[in-house]
Colleague: 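Quick one: the structure is below, questions incoming.
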Amino acid sequence: MNKAQSEHILVCIAWPYANSDIHQGNVTGSHLPGDIYARFQRLRGNHVVMVSGSDSHGTPVTVKAEELGRSTLETYEHYHARFLDLFRRLGISYDLFTSTHTENHFRVSQDMFLQLQKNGYLYRKVTPQMYSPEAGQFLPDRYVEGTCPNCGYTGARGDQCDNCNTLFESAAELINPRSKRDNTSLVLRDTEHFFLDLPAIAADSLAEWIHDDKEHWRPQVINFARGFIDGGLIGRAVTRDMDWGIPVPVEGFDNKVLYVWYEAVIGYLSATVEWASNEGDEDAWRDWWQNPDARTLYFIGKDNIPFHTVFWPAQLLGARGLYSDNPHATLNLPTDVPANEFMNMEGRKISGSRNWGVWMLDALDRYDPDPLRYYLTTNMPEARDSDWSWSGFIERNNNELVANWGNLVNRVLSMIGRYFGGIVPEPGALTAADEALLAAIDDGFDDVATFYDGCKFRAAVQEVLRLSTLVNQYLEETSPWATAKKDPAATGRALYVALQAISGLHVLWAPVLPFTSQTVRELLGEDGPLFGESVVRKFHEAARGHLALTYDGAGAAGRWERNIVPAGRHLPAPRPLFTKLEAAVAAEEMARLGVGQ
RNA sequence: UGCGGGGUAGAGCAGAGGCAGCUCGUCGGGCUCAUAACCCGGAGGUCACAGGUUCGAAUCCUGUCCCCGCUACCA
């Protein structure tokens with residue numbers, strides 16, 4: 001709208017583990033809200049960079065590799081490639097979706113480590129950890145099993161006993177600890193690690209930051225973060241005994257890597273740095289990380305709140321001076337962390353191991369991206385857990401997309417085709433009702449913008465749908481089909497006004513429905529695409545290469561405004577935007593899940 | 001155990017002291033341009049439960065129950 005004041009906005013989206021395919025909960029929780037927000041801001045003329053990537057390190061990936069009988073690298077590359085394919089097809093328009101297994105990310109993670117060390121926020125500590133003599137390696141607590149010292153249950157996990165719910169501070173409390181992997185006995189062995197001095201960072205800056213100007217944060221996010229920090233932090237290990245990951249840039253730590261929780265979040269920074277490099281402007285990332293007016297938003301699920309509201313800000317604050325001549329300069333902290341709750345499926349928790357979920361890449365083989373995006377937006381778990389149901393998907397598609405919006409476009413364009421040979425009619429002088437309708441649509445550009453800008457995407461959709469209904473009501477009142485013979489001027493005027501309303505509406509829908517809004521744009525005879533293009537590219541570094549999803553916004557012509565479709569323009573033949581789904585589809589999908597009916 | 005969020009018509013949600021609202025479904029009517037789509041009207045709720053404050057409570061207070069996440073070696 002106000003291009004003179006266009007802002008720099010960094011859209012950060014949680015990094016998915018490259019150990020399984022992405023389901024609808026992942027999409028509605030982080031990728032989709034981030035994409036809607038990014039597209040909206042691009043339409044407004046803001047400078048958006050939207051980043052994420054595959055989290056390629058960590059135990060979950062190595063465990064999956066063992067299951068598959070592949071190397072860890074192959075496993076990460078397999079899922080990473082599928083992520084890229086999914087996001088491109090679903091229209092998740094990442095400026096860069098890369099991975100943590102790049103040389104660039106290694107370097108940035110190590111740089112931040114060294115800066116934290118330089119600033120005195122890292123300390124070494126020797127602790128006893130579970131070690132498997134059989135496998136010759138340390139094991140994380142979750143892969144340790146033993147007898148519960150409290151109730152005697154022999155299947156207690158390293159962190160908790162499932163029988164009596166006792167929580168253990170360490171797996172060392174277990175009697176007879178053994179490896180979950182090969183059932184061999186484990187012993188305690190001392191190992192030295194670096195710890196992040198969270199209490200010191202909290203005292204120096206973090207506690208003050210979390211209490212400053214956070215009233216726009218969602219209550220579940222800010223209350224949790226404040227409680228967490230005020231409750232007292234303890235030091236947290238940033239290295240671990242493992243061979244898959246980023247080497248610790250310190251002598252004598254040869255068999256250790258940076259802990260995944262520590263390095264994965266650094267991806268937001270390193271991906272922006274990589275993006276700048278890809279764009280051919282090495283310093284461009286600074287406009288988002290060192291510019292005090294830039295906004296940085298983190299779209300994540302609720303399980304991720306502590307990492308993005310406590311640990312990551314602590315890392316940024318602790319690494320002050322990083323990539324700056326000013327030793328006190330801090331990279332930009334989160335402006336907002338609009339975390340979502342969880343989406344269930346047909347009343348039960350989504351579960352990969354029990355095949356209970358909608359695997360999005362699979363779903364795209366049967367459904368168009370916009371109906372999936374639409375249903376996930378209307379059911380986005382913004383304030384509480386929500387539920388995906390196949391019957392709900394079908395109802396929303398048929399009753400709202402097809403019947404309300406798709407039908408509106410189709411009926412108006414069909415009438416212009418039928419009564420005016422596809423040429424936009426001359427309106428003549430507009431009536432008060434005409435002006436009122438267009439004013440309502442124009443108001444929508446403010447009202448809906450407020451919803452998108454505030455990450456209230458469900459409310460945004462509801463408001464646009466209401467405006468769409470308004471146009472249907474207008475058609476009912478003006479009944480252009482009834483006046484066609486005796487008063488063609490009235491018919492022309494009504495269709496002209498309805499067409500201008502559609503011209504506005506398709507932009508209001510565009511962040512949620514980018515594909516069909518593009519179709520509408522073409523049906524209105526507009527040149528140039530609303531948005532840029534997502535492209536998978538291969539990048540090469542010194543010793544290795546990686547695939548990434550990128551966004552080419554050069555040709556994007558969409559603007560957050562109601563563009564006037566001029567009288568006299570010849571419109572192309574209309575075609576339906578959406579396909580009605582049979583009720584039987586729900587049963588088919590349930591059968592796919594193994595639910596008989 | 002502790003911390004945080006949530007429990008409002010059949011479904012999904014909004015409302016945060018003053019007649020309980022929205023979308024979808026449902027029932028009845030209208031229209032026929034449109035993918036049997038569109039428009040109008042009706043029915044449907046002890047606002048989780050129990051106390052309390054108030055002239056008045058979904059809304060504020062107290063207690064209880066239920067769901068979800070976190071509880072720090074799964075981001």
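The sequence lines fix the lettering, A, B, ..., with proteins before strands; numbering per chain opens at 1.
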Colleague: Applying side chain to side chain donor-acceptor pair (under 3.5 Å), can you list everything that pairs with S30(A), at least two apart in sequence or on another chain?
Modeller: none
Colleague: Kindly say if N404(A) contacts the phosphate of rC38(B), meaning a side-chain N or O under 4.0 Å from OP1 or OP2.
Modeller: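 Checking N404(A) against rC38(B): no side-chain N or O falls below 4.0 Å of OP1 or OP2.
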Colleague: Please report the distance separating the P of rU46(B) from the corresponding atom of rC3(B), rounded so that it comes out in whole Å.
Modeller: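 Here rU46(B) and rC3(B) have their P atoms 33 Å from each other.
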Colleague: Looking only at N and O atoms, is any donor in the side chain of N410(A) or the base of rA34(B) less than 3.5 Å from an acceptor on the other one?
Modeller: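 Looking at the base of rA34(B), it does not pair with any donor or acceptor on the side chain of N410(A) (distance under 3.5 Å).
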Colleague: Of the candidate nucleotides rC33(B), rC24(B), rC70(B), which contains the atom at the shortest distance from the side chain of D303(A)?
Modeller: rC70(B)
Colleague: Between protein and nucleotides 3-11 of chain B, map the contacts as a letter string: B base, S sugar-phosphate only, - none, heavy atoms under 4.0 Å, written 5' to 3'.
Modeller: -SSSSS---
Colleague: Could you tell me how far rU53(B) sits from rC61(B) if I compare only their P atoms? Round to whole Å.
Modeller: 15 Å
Colleague: Answer with base, sugar-phosphate or nothing: what part of the nucleic acid does A237(A) contact at a heavy-atom distance below 4.0 Å?
Modeller: nothing
Colleague: Under 4.0 Å from OP1 or OP2 of rC73(B): is there any side-chain N or O of R236(A) that close?
Modeller: yes
Colleague: Can you identify which nucleotide, out of rA72(B), rA34(B), rC74(B), has its nearest atom closest to the L233(A) side chain?
Modeller: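 Minimum distance to the L233(A) side chain belongs to rA72(B).
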Colleague: How would you label the contact of E400(A) with the nucleic acid (heavy atoms, under 4.0 Å): base, sugar-phosphate, or nothing?
Modeller: sugar-phosphate
Colleague: Using the P atoms only, state how far rU59(B) lies from rC39(B), rounded to an integer number of Å.
Modeller: 35 Å
Colleague: Just checking S386(A): base, sugar-phosphate only, or nothing, at a heavy-atom cut-off of under 4.0 Å?
Modeller: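 Sugar-phosphate, backbone atoms only, no base.
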Colleague: Base, sugar-phosphate, or nothing: which does P576(A) touch, judged by heavy atoms less than 4.0 Å apart?
Modeller: base
Colleague: Going by side chain to side chain contact (heavy atoms under 4.5 Å, CB included), name the residues that satisfy it together with E395(A), two or more places apart in sequence or in a different chain.
Modeller: N399(A)
Colleague: Under 4.0 Å between a side-chain N or O of K349(A) and OP1 or OP2 of rC67(B)?
Modeller: no
Colleague: What's the CG-P distance between L470(A) and rU23(B), to the nearest Å?
Modeller: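 Between P of rU23(B) and CG of L470(A): 12 Å.
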Colleague: At less than 4.0 Å, is any side-chain N or O atom of R240(A) found next to OP1 or OP2 of rC73(B)? Yes or no.
Modeller: no
Colleague: When Watson-Crick pairs (N1 to N3 and N6-O4 or O6-N4) and G-U wobble pairs (N1-O2 and O6-N3) count only below 3.5 Å on both distances, what is the dot-bracket string of RNA chain B, with | for other-strand pairs?
Modeller: .(((((((.[[[[.)..(..]]]].(((((.......))))).....[[[[[..)....]]]]])))))).....
Colleague: Strictly below 4.0 Å, heavy-atom distances to any atom of RNA chain B: list the hits from residues 10-23 of chain A, or just say none.
Modeller: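 Those residues whose heavy atoms fall under 4.0 Å from RNA chain B, taken from residues 10-23 of chain A in numerical order, are W15(A), Y17(A).
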Colleague: Go through the structure and list residues passing ring pair (Phe, Tyr, Trp, His ring centres under 6.0 Å) with F83(A), not counting sequence neighbours.
Modeller: none
Colleague: Under 4.0 Å between any heavy atoms, over every strand shown, what does R218(A) touch: base, sugar-phosphate, or nothing? Just pick one.
Modeller: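 Nothing, no nucleic acid heavy atom in range.
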Colleague: Applying side chain to side chain contact (heavy atoms under 4.5 Å, CB included), can you list everything that pairs with Q129(A), at least two apart in sequence or on another chain?
Modeller: T127(A), F138(A), T191(A)
Colleague: Determine: side-chain N/O of Q473(A) to OP1/OP2 of rC40(B), distance under 4.0 Å, yes or no.
Modeller: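 Yes, within the criterion.
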Colleague: Looking at every strand, decide which applies to L495(A) at a 4.0 Å heavy-atom threshold: base, sugar-phosphate, or nothing.
Modeller: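 Answer is nothing: L495(A) stays at 4.0 Å or more from every strand.
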Colleague: Output yes when at least one side-chain N/O atom of R418(A) is less than 4.0 Å from OP1 or OP2 of rA34(B), else no.
Modeller: yes
Colleague: If you look only at distance, which donor and acceptor atoms sit under 3.5 Å apart when one is on a side chain in residues 409-421 of chain A and the other is two or more places apart or in another chain?
Modeller:
| from | atom 1 | to | atom 2 | distance (Å) |
| --- | --- | --- | --- | --- |
| R411(A) | NH1 | N472(A) | OD1 | 2.8 |
| S414(A) | OG | N410(A) | O | 2.6 |

Colleague: Please enumerate all residues that pass ring pair (Phe, Tyr, Trp, His ring centres under 6.0 Å) together with H308(A), with sequence neighbours excluded.
Modeller: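 Once residues adjacent in sequence are excluded, the partners of H308(A) under the ring pair (Phe, Tyr, Trp, His ring centres under 6.0 Å) criterion are Y268(A), Y298(A).
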Colleague: Side chain of R411(A) only, heavy atoms from C-beta on: which candidate in rA75(B), rA34(B), rA72(B) is closest?
Modeller: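 Nearest nucleotide to the side chain: rA34(B).
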Colleague: Taking rU64(B) as the reference, what is the distance to rG21(B) when you measure between their C1' atoms (whole Å, please)?
Modeller: 29 Å
Colleague: Side chain to side chain contact (heavy atoms under 4.5 Å, CB included) with S270(A): which residues, sequence neighbours excluded?
Modeller: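 Once residues adjacent in sequence are excluded, the partners of S270(A) under the side chain to side chain contact (heavy atoms under 4.5 Å, CB included) criterion are N104(A), H105(A), V108(A).
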Colleague: Of the listed nucleotides (rA75(B), rC39(B), rC22(B)), which one gets closest to any side-chain atom of T469(A)?
Modeller: rC39(B)
Colleague: Using a 4.0 Å heavy-atom cut-off across all strands, classify T579(A) as base, sugar-phosphate, or nothing.
Modeller: nothing
Colleague: Pick base, sugar-phosphate or nothing for L577(A), based on heavy-atom distances below 4.0 Å to the nucleic acid.
Modeller: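 Touches a base.
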Colleague: Identify, with sequence neighbours excluded, every residue that meets ring pair (Phe, Tyr, Trp, His ring centres under 6.0 Å) alongside Y496(A).
Modeller: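 Y496(A): no ring pair (Phe, Tyr, Trp, His ring centres under 6.0 Å) contacts found.
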Colleague: Is the cationic atom of K349(A) (NZ for Lys, CZ for Arg) positioned less than 6.0 Å from the six-membered ring centroid of F342(A) and within 45 degrees of its normal?
Modeller: no
Colleague: Between Y259(A) and F194(A), is the gap from one ring center to the other below 6.0 Å?
Modeller: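 When the ring centroids of Y259(A) and F194(A) are compared, they turn out to be at least 6.0 Å apart.
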Colleague: Between L408(A) (CG) and rC38(B) (P), how many Å, whole number?
Modeller: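 One finds 11 Å between P of rC38(B) and CG of L408(A), rounded.
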Colleague: Just confirming the chi classification of rA58(B), syn or anti, using 90° around 0 as the syn window.
Modeller: syn
Colleague: Taking rA11(B) as the reference, what is the distance to rU26(B) when you measure between their P atoms (whole Å, please)?
Modeller: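 It works out to 15 Å between them.
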Colleague: Once you apply a heavy-atom cut-off of 4.0 Å, does G53(A) come out as touching a base, just sugar-phosphate, or nothing?
Modeller: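 Nothing: the residue G53(A), judged by heavy atoms under 4.0 Å, touches no strand.
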Colleague: Between D336(A) and K214(A), is there a side-chain N and carboxylate O pair less than 4.0 Å apart?
Modeller: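 Looking at D336(A) and K214(A), the cut-off is not met.
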Colleague: What interatomic distance, in whole Å, is found between C1' of rA57(B) and the corresponding atom of rU23(B)?
Modeller: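 After rounding to an integer number of Å, I get 27 Å for this pair.
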Colleague: May I ask you to check whether F311(A) and Y262(A) place their ring centres under 6.0 Å from each other?
Modeller: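 Y262(A) vs F311(A): aromatic centres not under 6.0 Å.
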Colleague: Applying side chain to side chain contact (heavy atoms under 4.5 Å, CB included), name anything that partners D487(A), two or more places apart in sequence or on another chain.
Modeller: T483(A), A489(A), A490(A)
Colleague: Please confirm whether the ring centroid of Y94(A) lies under 6.0 Å from the ring centroid of F87(A).
Modeller: yes
Colleague: Distance check, C1' atoms only: rG15(B) and rC70(B), in whole angstrom units.
Modeller: 29 Å
Colleague: With respect to the side chain of K580(A), which nucleotide from rC70(B), rU35(B), rC39(B) is positioned closest?
Modeller: rU35(B)
Colleague: Which whole number of Å gives the distance between the C1' atom of rG12(B) and that of rG25(B)?
Modeller: 11 Å
Colleague: Would K125(A) and F195(A) count as a cation-pi pair here, with the cationic atom under 6.0 angstrom from the ring centre and within 45° of the axis?
Modeller: yes
Colleague: For the side chain of E476(A), counting heavy atoms from C-beta on, which of rC70(B), rA72(B), rC33(B) is nearest?
Modeller: rC33(B)
Colleague: Look at all strands and tell whether F578(A) reaches a base, only sugar-phosphate, or nothing, counting heavy atoms closer than 4.0 Å.
Modeller: base
